[in-house]
Amino acid sequence: MPSPNRQRGVWLGLCLGLLGLIVIGSMWTSGTAALPHVLAALTVLIPLTLFGVVLKSPWPAVGALALLLVIDVTLRLG
């Protein structure tokens with residue numbers, strides 16, 4: 001039986017992935033990001049979130065969220 005802490009890491013990673021989707025959606029609806037930027041952000045978010053689920057760790061999803069925030073900041077500054 002898996003330990004509850006491992007399951008908590010999976011759920012936390014999935015919740016962070018959902019938060020990343022919300023960030024991508026807000027970039028899209030605000031007009032900050034065009035379609036290529038949204039696709040690049042999804043290319044970062046989806047594999048890292050799934051990798052975190054496989055590892056049963058939220059840290060890859062945290063890294064993906066950090067990369068999404070870097071993309072967002074660079075789009076707003078540029």
Hydrophobic clustering (ILVMFWY, side-chain heavy atoms < 4.5 Å, transitive) - are L39 and L68 grouped together?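 Yes, because L68 and L39 connect within a single hydrophobic cluster, where side-chain heavy atoms sit under 4.5 Å apart.
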Separation between [atom1] of [X] and [atom2] of [Y], rounded to the nearest 0.5 Å:
X   : Y   : atom1 : atom2 : result
I24 : L42 : CD1   : CG    : 4.0 Å
W59 : L12 : CH2   : CG    : 8.5 Å
T29 : I22 : OG1   : CD1   : 11.5 Å
L21 : W28 : CG    : CH2   : 14.5 Å
L48 : L67 : CG    : CG    : 7.0 Å

Do V54 and L50 make a side-chain contact, defined as non-hydrogen atoms from C-beta onward lying under 4.5 Å apart?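 When only atoms from C-beta onward are counted, L50 and V54 do not touch, as no gap falls below 4.5 Å.
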Check whether any side-chain heavy atom of H37 sits under 4.5 Å from a side-chain heavy atom of L75, and report yes or no. yes
Look at the side chain of T49 and the backbone N and O of I46, then say whether any donor-acceptor pair between them is shorter than 3.5 Å. no
Closest heavy-atom pair and its distance - [X], [Y]:
X   : Y   : value
V38 : A33 : CG2-CB, 4.0 Å
P58 : G13 : CB-N, 3.9 Å
A61 : L16 : CB-CB, 3.9 Å
G20 : L65 : CA-CD1, 3.7 Å

Given side chain to side chain contact (heavy atoms under 4.5 Å, CB included), test R76 with T32 step by step and report yes or no. CA-CA 7 Å; R76 290 183 193 272; T32 305; 3.8 Å; yes
